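Below: the structure, in structure tokens.
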Amino acid sequence: MMPEMMPEMMDESPDDFRARARRWLRDNVPTEHPPVDGPESRAYALAWQQRQFAGGWAGLTWPRAYGGRELPVLQQIAWFEEYARAHAPSTHNALFVGMNHAGPTLIACGSDEQKAFHLPKIMQGDVIWCQGFSEPNSGSDLASLRTRGEVQGDELVINGQKIWSSYADIADYQELLIRTDPASSRHHGLSWVICPMDAPGITVRPIKTMAGPAKFAEVFYDNVRIPLANIVGGLNNGWKTAMATLSFERGTASLALQISLSQRVEELIAACDDVALGETLMDLRADAAALRAMSYQFAIKSESGPVGSEGSMIRLYFAELAQRVARVAIDIFGIAAPEVLAVHGLGYDYFDAYSETIAGGTAEIQRNIIAERVLGLPRGSR
Amino acid sequence: MTMFHASTEQLELIDSFTRPLEELFAPARLHKSESDYGQWVTGAEFGWFGISLPEAAGGIGLGMVEEALLFEKFGRHLVTPGFMAASLAAKTAYLCGDAALAQQILNGELPVAMARQGAPGAGVTLVDAASAKLCLVLSPQGTALFHADAVVERQPLDAAQWSIPLQSARLAGNAAAHAATQKIGADVNLLLAAQLTGIAAATLDMAVSYSLLRQQFGAPIGSFQAIKHYCTDMAMQVQAAKDMLSFGAVAVAEARDDHRFQAASALVVATRAAFFNTAKNIQIHGGMGFSAECDAHLYLKRAHVLDTLAGGLKASRAALRRETSIFGKDAA
Ligand SMILES: Cc1cc2nc3c(=O)[nH]c(=O)nc-3n(C[C@H](O)[C@H](O)[C@H](O)COP(=O)(O)OP(=O)(O)OC[C@H]3O[C@@H](n4cnc5c(N)ncnc54)[C@H](O)[C@@H]3O)c2cc1C
């Protein structure tokens with residue numbers, strides 16, 4: 001299915017693109033708030049994705065061959081800017097994994113069959129993806145993971161446990177990282193597999209976050225059988241695929257959120273009449289402007305190839321700035337204000353922001369990576 | 001195509017344009033002599049004062065992006081703020097229709113010093129002004145160019161303390177400006193931000209090199225996590241300041257609606273980056289960092305001088321508050 005807009009797009013100017021995005025968002029952004037978790041949040045996220053796809057706004061940078069628009073990242077940013085200004089639903093929803101790292105990983109490492117089957121489904125809002133990397137004893141030290149997959153004929157038989165898997169309770173597929181060579185250690189002998197979440201032997205136990213909703217989950221695998229054809233990037237070559245996933249997770253994944261931070265700061269400035277907070281707010285304002293400038297630079301650079309660990313710097317800058325912004329909102333309004341207590345209100349945002357420096361690799365791990373890969377400092381003891 | 005950041009060509013051009021800095025403006029020179037006025041004519045000959053003025057006016061005919069990149073290099077080399085004074089003075093004269101005065105500044109005939117005045121009638125702080133013939137006064141009212149004689153009651157301050165000659169002084173009551181403008185506030189912010197960004201970048205490089213070199217406990221100190229994380233924080237400050245500067249300079253060059261907001265943001269980000277990095281650089285150098293022989297303190301002190309010329313971080317934040325972002329209320 002081709003989205004409606006194709007002909008008019010061909011030689012549209014950036015300004016026209018923006019204007020069209022603004023008009024469409026004005027007419028289409030849902031007025032009802034997103035449900036916080038569970039099946040309702042799934043239905044809402046999928047419906048909103050379907051609407052964006054039908055409007056021609058999904059998969060802006062994805063390959064044409066799989067229904068994407070293959071536009072430059074700068075155009076994607078223009079869309080996100082209008083998206084933020086229109087107060088469209090946060091991209092930090094159940095679609096996040098599929099759109100921002102599972103999809104991109106498949107584009108980078110998947111087979112033609114895998115891409116042809118999965119990419120359109122993700123883009124069209126048919127499916128939800130989740131990520132199964134972390135385990136109870138393997139967090140920052142991901143390469144120590146122990147969930148195993150035994151090759152039996154043309155299948156893998158999987159046993160073990162994952163944890164903190166966001167949206168696992170409402171997902172159709174999981175990017176699952178497992179040890180497929182029993183004799184291997186560390187980052188050797190791993191495989192990245194597409195795990196259908198309805199496969200027999202999978203048990204999901206949702207876990208509530210400190211912000212309230214049950215947003216992530218434990219996942220148990222008891223003799224789960226998955227075809228070898230579901231391996232992405234080759235048997236025992238999963239570390240490489242996982243690094244691609246993390247490069248997206250730490251690179252482009254937060255682009256929309258980075259951009260929307262400027263919007264949030266402006267709203268706080270407009271709401272705040274406490275002179276004592278003026279200087280703090282101006283620092284946040286300037287830093288959000290710098291984050292936007294960095295996002296543009298990242299987008300420009302990524303046109304000529306993968307950007308690498310520099311992405312970690314922007315991701316971390318964003319994470320810490322998002323926490324400062326969320327915190328000052330509580331100072332401005334106080335803990336008892338309706339704006340703070342509301343569902344998806346400032347209190348929720350504040351608590352949720354604590355995850356920014358944990359999920360996707362902690363701030364400390366990011367700092368180690370930046371020091372070693374960007375600045376060239378020596379690896380030290382861990 | 002719409003531009004958002006400095007292009008590779010612009011970066012390369014400025015690299016070659018500033019090659020003489022390595023030899024002529026090694027930061028260590030400031031241990032011997034705090035003033036750069038000995039190099040005034042050199043600066044003029046290289047065309048460094050008029051990079052963004054049209055060729056017909058005696059300039060180089062490039063734009064604000066190149067000028068910002070040039071001053072980032074000046075910041076790295078702790079070049080006297082007098083060069084910024086010259087560039088802004090020539091621009092002020094040019095915008096006020098005094099082409100002859102602009103030309104004399106560009107030729108190097110009339111050295112310029114920079115001063116900051118907090119409010120009308122208040123005293124001024126003059127930087128590196130001993131041989132200056134003109135004085136460019138920055139104030140909340142804009143940019144005004146005076147004859148040096150108009151700055152009176154000069155009290156020299158201890159040059160060694162801030163590693164640059166400073167004077168406290170007053171503008172004579174009857175002093176009339178040769179030229180004055182309110183139109184180049186964004187340019188002023190960008191040039192200050194550029195030098196502060198250069199300082200942040202130079203101290204990051206210095207810190208990383210030392211972290212690789214200095215050994216303790218049988219390993220380079222850069223292998224210790226505390227040092228690594230300081231360096232990473234410094235690198236993030238540099239990336240933010242550089243990208244903000246480049247984005248802001250393009251916004252000014254392209255006269256984008258929000259260019260004043262972008263330039264004011266660039267100053268706030270760069271000032272904080274410079275203060276953070278110069279302090280951490282001293283810490284990373286240990287006892288050496290605290291010694292007068294080490295260059296580390298030169299950067300810290302210059303950051304303070306530039307911040308003073310900007311009117312102070314408090315004022316820079318207050319100025320940012322007056323600007324409008326595209327995400328602001330009116331746009332939404
Ligand atoms: C909201 C949220 C969503 C998540 N979603 C998913 C998901 O969908 N899929 C998934 O697989 N995982 C997910 N995670 C898990 C996340 O990736 C891990 O929590 C993270 O990698 C840290 O691992 P850990 O929790 O085991 O902490 P640990 O690794 O035990 O870390 C504990 C503390 O020790 C520090 N530390 C550890 N090693 C070092 C070191 N070498 N140097 C310095 N400090 C160190 C850490 O920085 C941290 O402060 C999610 C987490 C959160 C909070």
Side-chain angles (χ1 to χ4, degrees), chain A residues 13-15 74 77 81 84-87 259-267 269-270 278-283 285-301 310 312-314 316-317 320-321 363-364 366-372 374-382, chain B residues 1-2 4-5 7 204 207-208 211-212 219-225 227-237 239-248 250-251 258 261-262 264-273 313-314 316-321 323-329 331-332:
Chain A
S13 78
D15 284 348
L74 278 175
I77 289 187
E81 289 187 349
R85 290 163 74 165
H87 296 98
I259 295 294
S260 69
L261 214 47
S262 282
Q263 175 78 39
R264 288 178 58 194
V265 173
E266 291 307 316
E267 284 164 11
I269 292 170
E279 298 209 1
T280 307
L281 283 170
M282 286 309 118
D283 283 353
R285 194 181 200 206
D287 291 351
L291 178 64
R292 181 167 173 246
M294 287 191 269
S295 305
Y296 271 80
Q297 186 72 281
F298 182 86
I300 293 166
K301 286 190 180 159
E310 259 180 82
S312 286
M313 262 205 268
I314 308 180
L316 180 53
Y317 192 91
E320 295 182 341
L321 180 57
E364 291 73 26
Q366 304 288 355
R367 281 191 164 80
N368 292 346
I369 291 173
I370 295 163
E372 287 162 19
V374 183
L375 301 178
L377 294 176
R379 253 186 92 96
S381 58
R382 298 271 139 186
Chain B
M1 207 193 112
T2 321
F4 292 104
H5 275 291
S7 66
L204 167 66
V208 170
S211 302
L212 288 166
I221 58 168
S223 65
F224 308 139
Q225 217 169 48
I227 299 293
K228 269 187 189 159
H229 289 193
Y230 282 160
C231 288
T232 303
D233 289 343
M234 294 171 78
M236 287 201 290
Q237 293 286 319
Q239 176 140 350
K242 274 193 167 184
D243 285 350
M244 186 68 248
L245 177 70
S246 150
F247 197 77
V250 172
D258 63 345
F261 167 82
Q262 300 295 349
S265 293
L267 180 58
V268 171
V269 170
T271 307
R272 285 160 49 233
L313 193 44
K314 246 180 178 341
S316 302
R317 292 180 178 123
L320 173 59
R321 181 175 270 282
E323 306 302 343
T324 311
S325 146
I326 65 153
F327 294 97
K329 217 171 20 190

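Computed from a prediction, not measured in an experiment: that's the story for all the values here. FYI, side chains are in, hydrogens and waters are out, and symmetry mates aren't considered; it's all heavy atoms of this structure. Letters go in sequence order (proteins before strands), and every chain restarts at 1.
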Heavy-atom distances under 4.5 Å only: say whether Ile314(A) touches chain B with side chain, backbone, both or neither. side chain
Proximal component of Glu267(A), with respect to chain B [non-hydrogen, under 4.5 Å]: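 Answer is neither: Glu267(A) stays 4.5 Å or more from chain B.
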Leading residue by heavy atom contact count with chain A [cutoff under 4.5 Å; candidates [options]]:
options                                    : answer
Cys231(B), Ala240(B), Ala219(B), Ser211(B) : Ala240(B)
Pro220(B), Gly248(B), Ala235(B), Ala264(B) : Ala235(B)
Val269(B), Leu313(B), Val268(B), Leu204(B) : Val269(B)

Apply side-chain contact (heavy atoms from CB on, under 4.5 Å) to residues Glu81(A) and Ile326(B) and explain how you reach the verdict. CA-CA 10 Å; Glu81(A) 289 187 349; Ile326(B) 65 153; 4.1 Å; yes
Test side-chain contact (heavy atoms from CB on, under 4.5 Å) on Met236(B) and Arg367(A); report intermediate values, then the result. CA-CA 10 Å; Met236(B) 287 201 290; Arg367(A) 281 191 164 80; 3.7 Å; yes
Go through it in stages, so that I can follow the logic: the residues are Phe247(B) and Gln297(A), the test is side-chain contact (heavy atoms from CB on, under 4.5 Å), and I'd like the CA-CA distance, side-chain angles, deciding distance and then a yes or no. CA-CA 8 Å; Phe247(B) 197 77; Gln297(A) 186 72 281; over 6 Å; no
Roughly how far apart are [X] [atom1] and [Y] [atom2], rounded to 0.5 Å?
X         : Y         : atom1 : atom2 : value
Leu320(B) : Met282(A) : CG    : CE    : 5.5 Å
Arg292(A) : Ser325(B) : CZ    : OG    : 7.0 Å
Arg317(B) : Thr280(A) : CZ    : OG1   : 7.5 Å
Ser7(B)   : Ile300(A) : OG    : CD1   : 10.0 Å
Gln237(B) : Asp287(A) : CD    : CG    : 7.5 Å
Ile269(A) : Arg321(B) : CD1   : CZ    : 6.5 Å

Of the listed residues ([options]), which shares the most heavy-atom pairs with chain B below a 4.5 Å separation?
options                                    : result
Glu279(A), Gln366(A), Glu320(A)            : Glu279(A)
Ala290(A), Ala84(A), Ala86(A)              : Ala290(A)
Leu281(A), Leu291(A), Leu316(A)            : Leu316(A)
Glu364(A), Glu310(A), Arg264(A), Met313(A) : Met313(A)

Using a 3.5 Å distance criterion without hydrogens, assess whether the side chain of Lys228(B) forms a donor-acceptor pair with backbone atoms of Ile370(A). no
Audit row: Ile259(A), Phe327(B), side-chain contact (heavy atoms from CB on, under 4.5 Å) steps and yes/no: CA-CA 10 Å; Ile259(A) 295 294; Phe327(B) 294 97; 4.2 Å; yes
So which part of Phe224(B) gets closer than 4.5 Å to some heavy atom of chain A, the side chain, the backbone, both or neither? neither
Pick one of side chain, backbone, both or neither for Lys314(B), based on which atoms fall under 4.5 Å of a heavy atom in chain A.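 Both parts, heavy atoms under 4.5 Å.
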Nearest heavy atoms of [X] and [Y], plus distance in Å:
X         : Y         : result
His229(B) : Asn368(A) : NE2-OD1, 2.7 Å
Met244(B) : Ala286(A) : SD-O, 4.3 Å
Leu212(B) : Gly376(A) : CD2-O, 3.6 Å
Pro14(A)  : Thr2(B)   : CG-OG1, 3.9 Å
Ala289(A) : Gln262(B) : CB-OE1, 4.3 Å

